[in-house]
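The analysis underlying the following values was restricted to heavy atoms, covering all of them including side chains, and did not include hydrogens, waters or symmetry mates.
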Amino acid sequence: DKIAFDFPENMSTAAKVNITELIDGKVILHINPNINIFLPQHQKAILFHEFTHIYDFALLKDNYPDTICDVMASYS
C-alpha cells in the first residue's frame, strides 16, 4: 500500500487520517498547509500520532471488521 498526502486549505486540525478512506483502502494523510506554525518537535509529534492511527488500523482491521470505526474512535 502507498500513502498519499493531501494539503487542504480549509482544515481545522493540524493533520488527520479519515477512517472511511482507510476502510476503502485509501491511505491519505491530510496535513494542514500551515503545520509549519508549530515547532518542529510538535510537528513530529502530530505526524507520529497520525501514523500511529494508520498502523493501528492495519493491525486491527482484520480482527475487528465490524467495529473498527468504534475501536479507532475510542482513542482518537
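- Closest approach of Pro8 to Pro33, counting heavy atoms only: O-CD, 3.0 Å.
- Summarising the geometry, atom CD1 belonging to Ile68 is positioned 9.5 Å from atom CG belonging to Asp70; distances are rounded to the nearest 0.5 Å.
- More than 12 heavy atoms of other residues, nucleotides or ligands lie within 6.0 Å of CZ in Phe51, so this atom counts as buried by the packing criterion.
- Taking Asp56 as the reference, Tyr75 meet the side chain to side chain donor-acceptor pair (under 3.5 Å) condition, with sequence neighbours excluded.
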In residues 19-31, what donor-acceptor pairs under 3.5 Å come from side-chain atoms, sequence neighbours left out?
unit_1: Thr20; atom_1: OG1; unit_2: Asn18; atom_2: OD1; d: 2.5
unit_1: Glu21; atom_1: OE1; unit_2: His30; atom_2: NE2; d: 2.8
unit_1: Glu21; atom_1: OE2; unit_2: His30; atom_2: NE2; d: 3.4
unit_1: His30; atom_1: ND1; unit_2: Asp6; atom_2: OD2; d: 2.7

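- Counting heavy atoms of neighbouring residues, nucleotides and ligands inside a 6.0 Å radius, atom CZ of Phe5 exceeds 12 of them.
- Taking CG from Leu59 and CD1 from Ile54, the interatomic distance works out to 13.5 Å, rounded to the nearest 0.5 Å.
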Per-pair distances, 0.1 Å, donor-acceptor, side chain in residues 37-45, under 3.5 Å, sequence neighbours excluded:
unit_1: Gln43; atom_1: NE2; unit_2: Phe38; atom_2: O; d: 2.7

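- Contact of the Phe48 side chain with the Ile46 side chain is not registered, since no non-hydrogen atoms from C-beta on lie closer than 4.5 Å.
- To the nearest 0.5 angstrom, Cys69 atom SG is 15.0 Å from Tyr64 atom OH.
- Proximity of a side-chain donor or acceptor of Asn32 to a complementary backbone N or O of Ala15 within less than 3.5 Å is not detected.
- Counting all heavy atoms, side chain and backbone alike, Met11 lies closest to Lys16 at CE-CG, 4.0 Å.
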